[in-house]
Amino acid sequence: MKYSIVVAVVFLLIAGISALFYINTLTFKIQKAIWGKHCTVSMAVIKDNKTWSFNNKKVPLMSVFKYFVAVKVLNKIKYIGLFQPSDNIKRSLDDKILIKPVMISKTTYSPMLKKYTPPFKISVQDLMKYMISESDNNATDILIQYIGGIEALHSYFFCVPGPCVDFEILADEKMMNLDIKNQYLNKATPLYVLKVMKNTRETGRLSIEHRNFLDKIMIETVTGEDKLKAGLPKDVVFGHKTGSSSRKPDGIKIADNDAGFVILPDGSAYYIAVFITESKMTDAENAALIAQISKIVYEYLNAKRRIIK
C-alpha cells in the first residue's frame, strides 16, 4: 500500500513538472495566443542553428515572394559575365532600365507611378526599393523580366535550400491580379522562407555590399507597420517583407503574411515568419494577431535561456 502511494506521488510530481515545462514552451504560448481565432496560423522561427515551426505547411506567399525576386536580381548582378564570356557588360544596381508604357499596369498597386509617368528610366536599385520597401507590383514584374522571367526565378530557388516540395513560384503580379485563384500559385512553408533568408544574410550567396543593401530596404519597409514590427520594442532593428491577399467572394482572406529578421540587444539575430491563411477576421485583427505572436517570440528569445522549445 505504501509503495503504491509513493508511486502515485512520484507520478504526480513528474506530471506536474512536465506540465510546468510545457506551459513555458514557445509552442504552448503560441497555441494559447491563437486559440479561438478564425484563421489558420503557420509560422517558423530560426535562432542560431535551432529551428522551430508551428503548422509548417506550404501556404500562399503573396508579396513575400518579392523577397525572392530581390535575391535573384542581386545574384544576377553578382555573377553576370562569369558564365557568359560574351557578355562583357559590368552590371550594377545603378544600371538604368527604360520603362515603356506597355510594361506598366495602371490598375495595380504601384506607388512608383506617383512619381514617374512612362516612358521613363529608373535604376535597378530604385526599382528594388519600390518592390521591397513599398511592395510595388509594377516594379516587381519589371524586375522579374530583368532576371529572365518567372521560370528563372523558380528554378534558381528550387531545392535551395531544403526539400523541393517546400517551395513553388509560378505567377507574377500581373497573373495574380487577373484571377484571385492565381494568388494561391506562389507558395512556400514559413521555415523554407526563413532558411533562404538566413542563408542569404549569413553566407556568401551575396556580396557584403548587396547583403547590406537588401537589409537596408527591408528595414525601411513601410508596409505592415501593424504586423510583426508592432510586437517589437521601438529601438529594435527589424527588416521584413509583408504580403496581403484579396478577399474571396465569401469574405475570407487568402493570406496575411509577414517575414523578416530581428536583431536582439546582444547583437544576435533571429528570423521569424508568421503566415495567416483562410482568415474570417478583419485585416486589423489579422495584424493584431501577428503582432501578438511577434511579441511572444521576442520576449521568449530575449529571456536568459534563449532556447527554442
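Here the structure is a predicted model, which is why all the values come from computation and not from measurement.
Partners of D283 by salt bridge (charged side-chain N to carboxylate O under 4.0 Å, His left out), not counting sequence neighbours, listed by chain and number: R247, K253. Looking at residues two or more places apart in sequence or on another chain, you find a ring pair (Phe, Tyr, Trp, His ring centres under 6.0 Å) between F238 and H240. Residues forming a salt bridge (charged side-chain N to carboxylate O under 4.0 Å, His left out) with E220 (at least two apart in sequence, or on another chain): K216. Partners of A152 according to the side chain to side chain contact (heavy atoms under 4.5 Å, CB included) rule, which considers only residues two or more places apart in sequence or in another chain, do not exist here. By the ring pair (Phe, Tyr, Trp, His ring centres under 6.0 Å) test, Y67 pairs with no residue at all, sequence neighbours left out.
Annotation: the span from I142 atom CD1 to E173 atom CD amounts to 12.0 Å, rounded to 0.5 Å. Note that CG of N257 and CG of L61 are 7.0 Å apart. Values are rounded to the nearest 0.5 Å. Summarising the geometry, atom OG1 belonging to T140 is positioned 7.5 Å from atom CD1 belonging to I132; distances are rounded to the nearest 0.5 Å. In this structure, OH on Y192 lies 12.5 Å from CG on N56, to the nearest 0.5 angstrom. One finds the CD1 atom of I30 at 8.0 Å from the CD atom of Q292 (value rounded to the nearest 0.5 Å). A distance of 14.5 Å separates CG of L228 from NZ of K295, quoted to the nearest 0.5 Å.
Looking at L185 and M176, their side chains never come closer than 4.5 Å, going by heavy atoms from C-beta outward. Between M128 and V73 the shortest side-chain heavy-atom distance falls below 4.5 Å. Looking at heavy atoms from C-beta onward, V236 lies in side-chain contact with Y298 at the 4.5 angstrom threshold. Between N186 and E168, every side-chain heavy-atom pair lies at or beyond the 4.5 Å cut-off. Here the side chains of I77 and Y146 are in contact, with some heavy-atom distance below 4.5 Å. A 4.5 Å side-chain heavy-atom check between I276 and S279 finds at least one atom pair inside the cut-off.
A donor-acceptor pair under 3.5 Å is formed between the side chain of D141 and the backbone N or O of K174. Side-chain N or O atoms of E225 include none that pairs as donor or acceptor with a backbone N or O of A230 at under 3.5 Å. Panel note: side chain H38, backbone M281; no donor-acceptor pair is recorded below 3.5 Å. In this structure, S53 contributes its side chain and A44 its backbone to no donor-acceptor pair below 3.5 Å. Side-chain atoms of T221 never come within 3.5 Å of backbone atoms of T223 as a donor-acceptor pair (strictly under, hydrogens ignored). Of the possible polar contacts, one joining the D179 side chain to the K181 backbone as a donor-acceptor pair under 3.5 Å is found. S294 places no side-chain N or O within donor-acceptor distance of the main-chain N or O of I290, the cut-off being under 3.5 Å. A donor-acceptor distance shorter than 3.5 angstrom exists from the side chain of N55 to the backbone of V41, with no hydrogens or angles considered. Side chain of R211 to backbone of R201: a donor-acceptor contact under 3.5 angstrom is found.
Across all their heavy atoms, M112 and D136 have their closest contact at N-OD2, 2.8 Å. A188 approaches F275 most closely through the heavy-atom pair O-CE1, 4.5 Å. Across Y184 and P60, no two heavy atoms sit closer than the pair CD2-CG, 3.7 Å. Taking every heavy atom of both residues into account, V193 and V64 meet most closely at CG1-CG1, 4.3 Å. Across all non-hydrogen atoms, the minimal contact from L206 to H210 is CB-CB, 4.2 Å. Of all non-hydrogen atoms in G260 and L194, the two that sit nearest each other are O-CD2, 4.4 Å.
Within 6.0 Å of CG in N49 there are 12 or fewer heavy atoms belonging to other residues, nucleotides or ligands. Under a cut-off of 6.0 angstrom, the local environment of CD in E209 is sparse, with at most 12 non-hydrogen atoms contributed by other residues, nucleotides or ligands.
Under the 3.5 Å distance criterion, with hydrogens and angles disregarded, no donor-acceptor pair is assigned to the side chains of D94 and S123. At a cut-off of 3.5 Å, with distance as the only test, no side-chain donor of T203 or K198 sits close to an acceptor on the other residue. Remark: the S135 side chain and the K66 side chain contain an N/O donor-acceptor pair separated by less than 3.5 Å. In the model, S110 has no side-chain atom that pairs as donor or acceptor with a side-chain atom of N137 under 3.5 Å. S246 and Q183 are linked by a side-chain donor-acceptor pair at a separation below 3.5 angstrom, with hydrogens and angles left out of the test.
When the options T242, N286, D256 are evaluated for a side-chain hydrogen bond (donor to acceptor under 3.5 Å, both in side chains) with K227, the one that passes is D256.
Hydrophobic cluster membership is shared by I263 and I46, with clusters built from Ile, Leu, Val, Met, Phe, Trp and Tyr side chains linked at under 4.5 angstrom.
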**Message:** N75 vs Y156, test: side-chain hydrogen bond (donor to acceptor under 3.5 Å, both in side chains). Steps then yes/no.
**Reply:** CA-CA 10 Å; N75 179 266; Y156 176 69; 3.1 Å; yes

**Message:** As a quick check of understanding, evaluate side-chain hydrogen bond (donor to acceptor under 3.5 Å, both in side chains) for K57 and T277, giving each step before the final call.
**Reply:** CA-CA 11 Å; K57 63 179 182 179; T277 55; 5.0 Å; no

**Prompt:** Can S105 and T107 be said to form a side-chain hydrogen bond (donor to acceptor under 3.5 Å, both in side chains), step by step?
**Reply:** CA-CA 6 Å; S105 169; T107 59; 3.3 Å; yes

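A salt bridge is absent between K58 and D166; no separation between the charged side-chain nitrogens and carboxylate oxygens falls under 4.0 Å.
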Could you pull out all donor-acceptor pairs under 3.5 Å where a side-chain atom in residues 113-120 meets a protein atom, sequence neighbours excluded?
none

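K47 forms no cation-pi arrangement with Y271, by the criterion of a distance under 6.0 Å to the ring centre and an angle within 45° of the ring axis.
Using a 30° and 60° split on the angle between ring planes, F167 and F157 fall in the tilted class, from 30° to 60°.
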